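To keep things clear, I will list the structure first and then write my remarks on it.
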Amino acid sequence: MKSVYINTASVFSSDYKSYGFFKTGSSWDSCPLSLTQVLNKQNPNVPHFLGQLSNLGERKRICTLWISKSEQLNKFIVSCSLTGLESSKRADFSGRIIYDSINVTYSSRDEQDGSRESPDDVLAIAAKLAMSAVDFSWNLDDYADLKSFEADEFPFIDISSMYRGIAAANPMTEKYAFSKPQGLNPVHEIRSLAKSLGLRLIIAEELVDEKINKEASVSAESRASALPKNQNVIEEFVEDLEGRLESVVGERRFKEIRCLAPIRWLRNSALNVFPKDLPKPGEVQAKKSSAKNFESSLPNYVDLVYQSTTNVKAMASLITGIGKIVEAFDSVTILLSVGKNNRATEAAQKSHHNLPVPLIIISFE
Amino acid sequence: MPQSTTEFNVLMLGSRGAGKTTLLAVMWEQLGKAISAQKGYFKYAHEASMYFGHALGELRRMYDAPGINVSPGISGTNNPKNLSIDLHTANHALAHLRLNFWDYPGGLLSPEQATGPEAAVLQQQLANAHYFFVVVDAPALLEHDGMFHAIRNYPYPIQLFLHDRLRSSSHGARILFVVTKCEKYIREGRTSEICDAVKRGYDNLLSDIAGNPRSSADICLVQTLGTVVLDKLEIAETSNGDKFPRYYFKKVSQNAVHSPQNTSLPLKLMLDKAIHESIDRRRASYDGLNWLRDALGRDDELRDLLIHMRDLSNRASDQSLHLSLQAGQ
Ligand SMILES: Nc1nc2c(ncn2[C@@H]2O[C@H](COP(=O)(O)OP(=O)(O)OP(=O)(O)O)[C@@H](O)[C@H]2O)c(=O)[nH]1
Ligand SMILES: [Mg+2]
């Protein structure tokens with residue numbers, strides 16, 4: 001299943017609203033469901049932070065990416081939104097600039113349609129959208145038909161070429177190669193991917209350990225019972241980490257680094273509270289004996305720092321690479337959020353203990 | 001006696017692009033001048049100052065274009081907003097009054113939005129608002145013999161929205177018609193023409209209001225930009241042949257800057273009712289004990305504030321741009 005949602009307004013009669021399309025065969029048909037409905041249909045168990053993904057009315061430029069592989073649902077899902085795209089050609093009847101937002105969603109399996117499409121183009125689009133979260137010159141004007149717009153119609157008349165156009169803007173030139181020996185765990189893979197892209201990873205497990213040791217007993221049982229306490233520790237830690245980062249690079253530099261992107265990674269842990277209908281943490285742990293690094297109940301953070309705009313390209317490769325990594329594992333969920341002042345970080349932190357799987361957030365500040 | 005904060009809800013009704021957000025932003029900027037600092041002050045949450053501050057910034061950006069051209073400024077509102085402002089008096093820690101401004105996007109008033117979660121929000125707001133701004137687009141009312149009044153100002157939908165309220169509510173409804181984009185017409189001395197056009201254009205609503213003696217109706221004319229006038233209102237056409245208006249504005253001079261006119265008037269008309277209502281509600285909740293409130297001078301501060309504000313307002317605003325149609329009991 002592939003879908004495209006666009007939020008826009010017409011010149012006069014239609015105010016901001018979302019228009020949905022899904023791919024059937026080689027054509028794109030309009031979809032009566034809302035984006036929220038589509039996402040819920042794909043995975044009813046998952047996350048509270050989807051609000052940000054489906055909030056296409058947002059005016060700030062924010063890219064949100066949800067990549068999820070569920071063994072249980074036997075599904076691989078990629079969904080990416082970019083909001084706040086300011087048109088430079090379209091203004092409404094009263095002269096106000098039109099803002100567009102876009103979402104693309106892929107699911108490897110859908111009840112109605114037996115065909116299995118490749119996620120590659122969606123990942124390429126996701127990478128392009130993530131890059132465009134910091135490239136304010138990019139918008140959807142290339143795909144808007146101005147004549148239709150002036151005649152008060154929906155201007156994105158050719159979804160198919162728009163879809164191909166955005167995907168082609170960021171072709172996945174290389175196939176992602178797993179590290180050898182392959183597949184220890186997703187973190188390992190993401191780490192080596194980042195390394196191969198020349199991106200600097202700050203691994204912060206030691207810092208978490210240090211914090212949690214101070215706050216709670218080291219024994220696993222007491223950690224499990226100290227969930228809310230640890231929750232605070234995690235949040236404190238994230239703040240703390242930002243402070244440390246600032247002290248490492250200096251306040252001025254810290255502000256100068258336009259593309260500062262910490263990746264926060266929470267390891268699947270016994271601290272997670274599972275929704276009732278999903279397997280208990282213990283069961284998952286038992287099943288995943290191969291995933292050796294998942295045994296620890298400590299959350300694990302990995303922070304990634306970009307220091308120049310050239311690395312925005314590397315980020316695109318990272319995103320397509322992460323897609324491939326997630327697809328190859330059993331159960332992983334990743335949330336990426338790129339943009340200014342976004343609430344995803346906060347929302348994801350609040351809700352991550354309800355996630356049955358790990359979570360990554362990237363945010364640009 | 002415990003003091004509580006009176007909630008006063010203000011609903012902005014008007015079509016897409018009528019000027020609701022613009023009006024709110026410039027009124028917000030006027031707050032400091034509405035009362036003198038010794039008498040009271042306004043406090044607002046971060047969200048309200050962000051929203052209004054951002055809108056004001058965008059309005060000023062309209063003047064950046066070269067010559068007498070106007071740049072696109074403010075953007076359309078995409079979902080219903082609630083912005084709160086508290087009114088404090090000097091001697092109370094707790095706010096006397098909380099004004100909740102409901103900025104409801106005009107696009108959501110269209111018939112195709114008649115169902116769904118936003119429609120439910122509108123229903124709620126129509127029932128719970130204490131004050132209504134009906135924002136009227138002047139060019140639609142006057143240009144091309146008012147041919148766009150119906151599709152731009154929604155007089156009939158707005159009448160229907162308020163119908164139940166005016167029929168059944170013992171409190172009635174306090175309605176202020178604020179006519180925006182008046183720069184051109186005020187310069188041409190056409191104020192009474194505007195008032196007549198409002199009376200004609202909303203005659204059904206006005207007769208509903210007349211049927212409820214508790215209700216009030218006022219008209220006021222504002223210039224929320226002050227120095228940007230309508231250049232022309234072009235008749236555009238959709239592919240189906242439906243006509244719609246396209247607005248073209250220009251600055252009055254190359255060096256023009258944002259200078260809103262008469263925007264303190266709607267603010268003061270609304271605040272007057274809000275403070276009045278706050279006193280009434282306080283007294284209503286004390287019932288037989290109001291002699292005690294009077295003896296203790298509990299309401300003096302607010303009464304004093306009301307008199308003070310009316311005085312300031314009478315001096316500051318151009319009364320010829322205000323027409324009271326029905327005072328309301
Ligand atoms: N010249 C002039 N322009 C105005 C006035 N009021 C609003 N405008 C312009 O009209 C356009 C629409 O104003 P908004 O405040 O965005 O309208 P709105 O009612 O909030 O519209 P929605 O958010 O779509 O419901 C903006 O470009 C404003 O600058 C006015 O009094 N004078
Ligand atoms: Mg608005």
Side-chain angles (χ1 to χ4, degrees), chain A residues 5-19 32-37 51-52 54-62 81 83-101 139 141 145-155 157 340-343, chain B residues 15-19 21-22 50-51 54 58-59 61-62 65 69-81 104-113 116-118 137 139-140 148 151-152 180-181 228 230-231 233-250:
Chain A
Y5 277 79
I6 295 169
N7 186 285
T8 192
S10 82
V11 66
F12 180 70
S13 55
S14 299
D15 210 343
Y16 285 93
K17 66 178 180 201
S18 292
Y19 298 79
L33 300 179
S34 72
L35 178 54
T36 314
Q37 287 170 321
Q52 164 125 349
S54 51
N55 181 19
L56 296 184
E58 173 67 62
R59 289 290 156 74
K60 286 185 207 132
R61 199 171 266 230
I62 296 174
S81 297
T83 58
L85 295 160
E86 189 174 336
S87 168
S88 48
K89 295 193 176 134
R90 283 166 290 135
D92 75 7
F93 69 98
S94 71
R96 297 177 299 179
I97 285 179
I98 299 283
Y99 284 80
D100 306 310
S101 297
N139 59 27
D141 283 345
D145 179 59
L146 291 182
K147 246 180 137 176
S148 304
F149 178 76
E150 291 301 329
D152 203 27
E153 284 165 11
F154 179 70
I157 51 177
K340 282 181 161 182
N341 319 321
N342 66 65
R343 288 180 300 262
Chain B
S15 68
R16 182 181 173 201
T21 307
T22 305
M50 286 289 285
Y51 186 70
H54 180 75
E58 287 190 320
L59 288 174
R61 237 175 52 182
M62 296 178 79
N69 295 331
V70 177
S71 314
I74 197 161
S75 46
T77 308
N78 49 18
N79 45 35
K81 300 273 189 297
Y104 192 84
L108 294 178
L109 297 179
S110 68
E112 62 179 277
Q113 302 287 339
E118 273 85 10
D137 180 280
F148 292 118
I151 61 166
R152 284 291 301 128
T180 56
K181 304 172 195 168
V228 165
L230 183 78
D231 188 16
L233 194 138
E234 211 173 73
I235 302 176
E237 216 168 278
T238 69
S239 45
N240 309 331
D242 293 336
K243 294 189 169 41
F244 68 92
R246 245 206 189 274
Y247 293 59
Y248 295 89
F249 291 96
K250 61 178 185 205

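Side-chain atoms are counted along with the backbone in the values below, which use heavy atoms only and exclude waters and symmetry mates. Letters go in sequence order (proteins before strands), and every chain restarts at 1. These numbers come from a predicted model, not from an experiment.
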query: Taking A/Ser87 for the side chain and A/Asn139 for the main chain, is one N or O donor matched with an acceptor at less than 3.5 Å?
result: no
- request: Tell me, for A/Glu86 versus chain B, whether the close heavy atoms (under 4.5 Å) come from the side chain, the backbone, both or neither.
  value: side chain
- request: Go through the steps to decide whether A/Tyr16 and B/Asn79 satisfy the test side chain to side chain contact (heavy atoms under 4.5 Å, CB included), and finish with yes or no.
  value: CA-CA 9 Å; A/Tyr16 285 93; B/Asn79 45 35; over 6 Å; no
message: Regarding A/Arg96 and B/Glu58, does a basic nitrogen lie under 4.0 Å from an acidic carboxylate oxygen?
response: no
field: Under 4.5 Å from any heavy atom of chain A - which part of B/Ile151
entry: both
- prompt: Who wins among A/Ile97, A/Asn7, A/Val11 for the most heavy-atom pairs under 4.5 Å with chain B?
  reply: A/Val11
- prompt: Who passes ring-ring contact (aromatic ring centres under 6.0 Å, His included) against A/Phe93, sequence neighbours left out?
  reply: A/Phe12, B/Tyr247
query: Under a 4.5 Å heavy-atom cut-off, does chain B meet the side chain of A/Lys17, its backbone, both or neither?
result: side chain
task: Please flag which part of A/Ser13 lies under 4.5 Å from any non-hydrogen atom of chain B: side chain, backbone, both or neither.
output: backbone
field: Residue pair B/Leu233, B/Phe148: steps toward the side chain to side chain contact (heavy atoms under 4.5 Å, CB included) verdict
entry: CA-CA 10 Å; B/Leu233 194 138; B/Phe148 292 118; 3.6 Å; yes
field: Option in B/Gly106, B/Ser239, B/Gly17 with maximal non-hydrogen atom pairs under 4.5 Å from chain A
entry: B/Ser239
- request: For each of B/Pro105, B/Gly76, B/Pro139, tally heavy-atom pairs with chain A at distances under 4.5 Å, and name the one with the top tally.
  value: B/Gly76
message: List the residues meeting side chain to side chain donor-acceptor pair (under 3.5 Å) with A/Gln37, not counting sequence neighbours, and say none if there are none.
response: A/Ser34
